[in-house]
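Reviewing the structure listed below.
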Amino acid sequence: MEYNFRKIEKHWQEKWKAENAYTVSNHSEKPKCYVLDMFPYPSGAGLHVGHPLGYIASDIYARFKRLKGFNVLHPMGYDSFGLPAEQYALETGQHPATTTQNNITTFRSQLENIGFSFDWSREVRTSDPSYYRWTQWIFLQIFNSWYDHEKNKARPISELIEAFEKEGNGFLKDHVAGDIFSAEDWEIFDEKQQQDILMQYRLAYTAYGEVNWCAALGTVLANDEVINGVSERGGHPVEKKQMRQWYMRITAYAERLLQGLDTVSFSDAMKEMQKNWIGKSEGAEIVFPLSTRGEGLGVRVYTTRPDTIFGVDFMVLAPEHDLVSKITTAEQQHAINEYLQYVKSRSERERLAEVKQITGAFTGAHAINPFDGRLIPIWISEYVLAGYGTGAIMAVPCGDQRDFAFAKHFNIPITNIIGEHFNGEEANPTTEAYLSNSGFLDGMLMRDAISVATAKLEQEGLGKRKINYKMRDAGFSRQRYWGEPFPIIYKEGIPYPVDEKDLPVELPHVDSYSPGPEGQGPLANITEWVLIPGPSSLVERETNTMPGYAGSSWYFLRYMDPHNDQTFADKKATDYWNQVDVYVGGTEHAVGHLLYSRMWTKVLFDLGYISFDEPFKKLVNQGMIQGSSRFVYRLSMSKPFFDDYDFLRENGIQIFVSNNLKEKHSLAGFFETIRMNFPQLDYSFFDMEIVSQRFLKLYVNVNLVDGVELDINAFRKSKPEYSNAHFILEDGSVNSPLSTRGERQGARYICGVETEKMSKSKLNTINPDELVLKYGADTFRMYEMFLGPVEQSKPWDTKGIEGVHRFLRKLWRLYYDEVKGQVWNDYKPTNDELKILHRTIKKIEEDTEHFSYNTAVSAFMVCV
RNA sequence: ACCCGGGUGGUGGAACUGGUAGACACGCAGGACUUAAAAUCCUGUUUGCAGCAAUGCAAGUGUGGGUUCAACUCCCAUCCCGGGUACCA
């Protein structure tokens, strides 16, 4: 009997299914263990070999824990709302619900093929109304909450309204948003004023924010859809536009998100990424009065280095700063307008990345240094962002490199406050220098001067101590179709929550996925859905939808009680399963999903719906399995280069050149081959310099490539337009469908290679199905684990799978002989044998607890 | 540009706390079995030099410096690759 993996795996998979072997109960005497994977987005490309890496690791862990006597929750589901489905719908007209369903069917069968021990009875889909009903419900809880900084928790907005009625908003002290009002004031405010004020406290709120607006497409674009400032589709210009948006007030949780990290087991790198994202800094907010225009106005800046205040030589406002229009002098108006126009076309990334290129404009206005009365010119520049701090900085060129470069570029004189620590060549951001030219701070060590300066500022009422966070509130609306509708209706322009008993607000069916007027989402086109017949006034629905991370911010709770139609999850269930014990997923979610889901958990905890405020006790980051992309190089047929050579174009002849021949130095052979194959052409037109840049790099499906060598015939068959393509091979000979002349034995077409994310568009995905079919799920699983540490990113390579498969066959033969059948016996093992066995068991157990599966597999191989 | 990872034979990787670099596997080469092939088994395999050989000598963990009796491991600098950078998921 040989190792018939197909029969074995089929047998067991059917048995598991028939017996619901992995269905888990919420009631058990055993200790619980919750092993969770980041659920996949069901993309049209299907599952690729990168997905299962984490799933296999967690599945091994889940099985291990079951064997160790735990009641293990190990579920799977789909993050099924998202942009790609909608783009696909735009291109093909197929409804996202249909394509998503198809994709899920594919994913499910692929997952089952690999033999996971998921409890499929708990499957969730974020796009299912019975699921997003509760996403909407949780959104309403967040909308109906405010953050009490005194008690340090979220509370129902009704309690805030009561407080306003009783004593106004003065009791909020440092956290007053906007103006202070009394109970009497509150009484007098009309409905709109009251709602506007409440909006400034709600944890989910509307405000104006910037979007990528593409006028030509009439739509708002995701950052991903903008390439080098133009739209990916069509290459139209993109600019920024202010639009009303929904936000999550995640900044209210900044401190708790930071402190919560101490209570969970994430890698240090992960914690550091989250810490840096939150970006806590301690410093001071200082108001610099303006010298002339705008009495009473001042420039409020945030700085972590108030000790350097005597070194301020200029100030910089973000171009979007409110003051810019108010303080700009008539002489400077033109320059400022021009600069603002330029900034409008720049993405935030570009603004921060291209620091070598210094840009800015002078407003003509000056501020006054509150300590020495010096006049300070006020500039605007794109390196200051409106969203961070106060959107304005005090520039100290001798201590900050960007300020220094700016001063040099615009010839602004530099004041030296650190003596010999400043060499005039570059800024020195030290805190260890003694201050000079610094008034009352003279002679003080900078490190000590920070608190002295802050104290003085507070004492004189010029500023105050301030903790600042770099993190911004999270944009929560998308002008798209395929997402959760907001449970929000507008009456006279004021947003109100939909009654909970009317949930879910179902996503209506549309026939067109094109954007609505003014960049609104496609839902705006469905007037009969948007307009709700009301008693008197205009009542309409919110037409934005929620972003991709809405559904994924709480799905781990739904798995605990997936069929409950009374609540998102029964408290008994969430109490029992509690925190996720091990969460497996990639680092690409480090600052998105992992922060949002932590925030939602904290809100639900504050409101008393669950009894833990960190969702994930332990996080294991599986490395990304990258695709190894292959490229072919096609001679460009575009004008003007090939203008004279209609022959090639008319005949649809494509010429591909092997990787190492695309460089200039080897083009001589290339001309020769062109001439040989197309004697009717005059080839003297070729200009070497130009030709070298005239190869288009095209993705070729990795499955048509063996290592780096292209399977030319398979490639020709893959697309009709390639059927009569010519290939200039590595040795300069030609593989041509017209003639085989010049083709030599062993000449190959070599592809270019690059490592990048696995994706459909890059044609570098490897489908696990084929590997499972050929080698079996056990080989596939074991191989993925053997590839290297789970945490490490690595390009996929199928080469080594044979070795693992051979090992499993060898293992099988220890028990079954092809001829004799069963060959095991019950001889008593020797002490030495037992020693090896137990040593191996110990090693594998320890490695399994630590997710070091690659070394566990090695140990197993050595033992056998 | 910034934040977080990573770089070790022909290849994936191992080396746990600073102590024999290259476990295990792939690939490759040679051999056994076979009419043949596949499968299987055995042997060799970091590089260079010397030797019939056992073996010996030297170099070697991206690059350049440093600390140490001892460095893949610690420190400084630098290059390259991957992930993220707030509307891809």
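Proteins get letters first, then strands, A, B, ... in listed order; numbering begins at 1 in each.
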Counting only heavy atoms not in A:E518, do more than 12 sit closer than 6.0 Å to its CD atom?
no

Which nucleotide, B:rC3, B:rC88, B:rC41, lies nearest any side-chain atom of A:N276?
B:rC3

So what does A:V857 hit on the nucleic acid, given a heavy-atom distance under 4.0 Å: a base, only sugar-phosphate, or nothing?
nothing

Take atom C1' in B:rG12 and the same atom in B:rG22, then report the distance between them in whole Å.
13 Å

Ring center gap for A:Y247 and A:F476 short of 6.0 angstrom
no

How many angstroms lie between atom CG of A:L261 and atom CD of A:Q274, to the nearest 0.5 angstrom?
5.0 Å

So if I take every side-chain heavy atom of A:N212 and compare against B:rA23, B:rC41, B:rC87, which nucleotide ends up nearest?
B:rC87

Start at the 5' end of RNA chain B and walk down; is the nucleotide closest to A:N854 or to A:V862 reached first?
A:N854

When both distances are under 3.5 Å in a Watson-Crick or G-U wobble arrangement, the nucleotide paired with B:rU67 is none

In this structure, is the centre-to-centre distance between the rings of A:H51 and A:F107 below 6.0 Å?
yes

Base of B:rC88, side chain of A:E225 - is there a donor-acceptor contact under 3.5 Å?
no

Please measure how far the C1' atom in B:rG5 lies from the corresponding atom in B:rA21, and state the result in whole Å.
23 Å

So what does A:E232 hit on the nucleic acid, given a heavy-atom distance under 4.0 Å: a base, only sugar-phosphate, or nothing?
nothing

Tell me which nucleotide among B:rC3, B:rC88, B:rA25 gets nearest to the side chain of A:D224.
B:rC88

Only pairs with both distances under 3.5 Å count, Watson-Crick or wobble alike; so what is the partner of B:rC33 in this structure?
none

Considering Watson-Crick and G-U wobble pairs with both distances under 3.5 Å, what does B:rA59 pair with?
B:rU46

Write down the partner of B:rG82 under the Watson-Crick or G-U wobble criteria, each distance required to be under 3.5 Å.
B:rC4

Pairwise C1' distance for B:rA77 and B:rA25, with rounding to whole Å
37 Å

Residue among A:W554, A:Y549, A:F556 satisfying side chain to side chain contact (heavy atoms under 4.5 Å, CB included) with A:S552:
A:Y549

Regarding the side chain of A:F786, the nearest nucleotide among B:rA89, B:rA25, B:rA14 is B:rA25

With sugar-phosphate meaning primed atoms plus P, OP1 and OP2, does A:P84 contact a base, only sugar-phosphate, or nothing at under 4.0 Å between heavy atoms?
sugar-phosphate

Identified pairing partner of B:rC88, criterion: Watson-Crick or G-U wobble below 3.5 Å
none

If we take the P atom in both B:rG64 and B:rG9, what is their distance in whole Å?
15 Å

Please check if the side chain of A:T206 supplies one atom and the backbone of A:W246 the other of a donor-acceptor pair under 3.5 Å.
no

Taking any heavy-atom pair under 4.0 Å as a contact, classify A:R809: base, sugar-phosphate, or nothing.
sugar-phosphate

Per the O4'-C1'-N9-C4 / O4'-C1'-N1-C2 angle with a 90° window around 0, B:rG9 comes out syn

Between A:G592 and A:A269, which residue's closest nucleotide on RNA chain B lies nearer the 5′ terminus?
A:A269

How does each nucleotide of nucleotides 75-86 of chain B score, in 5' to 3' order, for protein heavy atoms under 4.0 Å: base (B), sugar-phosphate only (S), or none (-)?
-------SSSBB

Under a 3.5 Å limit on both distances, the Watson-Crick or wobble mate of B:rG10 is B:rC26

Take atom C1' in B:rA38 and the same atom in B:rA58, then report the distance between them in whole Å.
44 Å

Give me the distance, rounded to whole Å, that separates B:rG83 from B:rA50 when you measure between the C1' atoms they each carry.
49 Å

Output yes when at least one side-chain N/O atom of A:R806 is less than 4.0 Å from OP1 or OP2 of B:rC41, else no.
no

Both distances under 3.5 Å, Watson-Crick or G-U wobble: report the partner of B:rA39, or none.
none

For A:K241, I'd like to know if atom NZ has over 12 heavy atoms of other residues, nucleotides or ligands within 6.0 Å.
yes

Any heavy-atom pair between the side chains of A:T126 and A:Y78 that's under 4.5 Å?
no

Starting at CD of A:Q87 and ending at P of B:rA89, how long is that distance when rounded to a whole Å?
9 Å

How far, in whole Å, is B:rG7 from B:rG62 if one measures between their C1' atoms?
6 Å

Taking the same atom, C1', in B:rU73 and in B:rU20, what whole-Å distance lies between them?
15 Å

A:S477 near the nucleic acid: base, sugar-phosphate alone, or nothing, with a heavy-atom cut-off under 4.0 Å?
base

Correct closest heavy-atom pair for A:A204 and A:M248 would be CB-CE, 4.0 Å

How is A:P789 classified with respect to the nucleic acid when contacts are heavy atoms under 4.0 Å: base, sugar-phosphate, or nothing?
sugar-phosphate

A:Q792, nearest nucleotide to its side chain (from B:rG13, B:rC24, B:rC87)
B:rG13

Taking the six-membered ring for Trp, is the centroid-to-centroid distance between A:W812 and A:F5 below 6.0 Å?
no

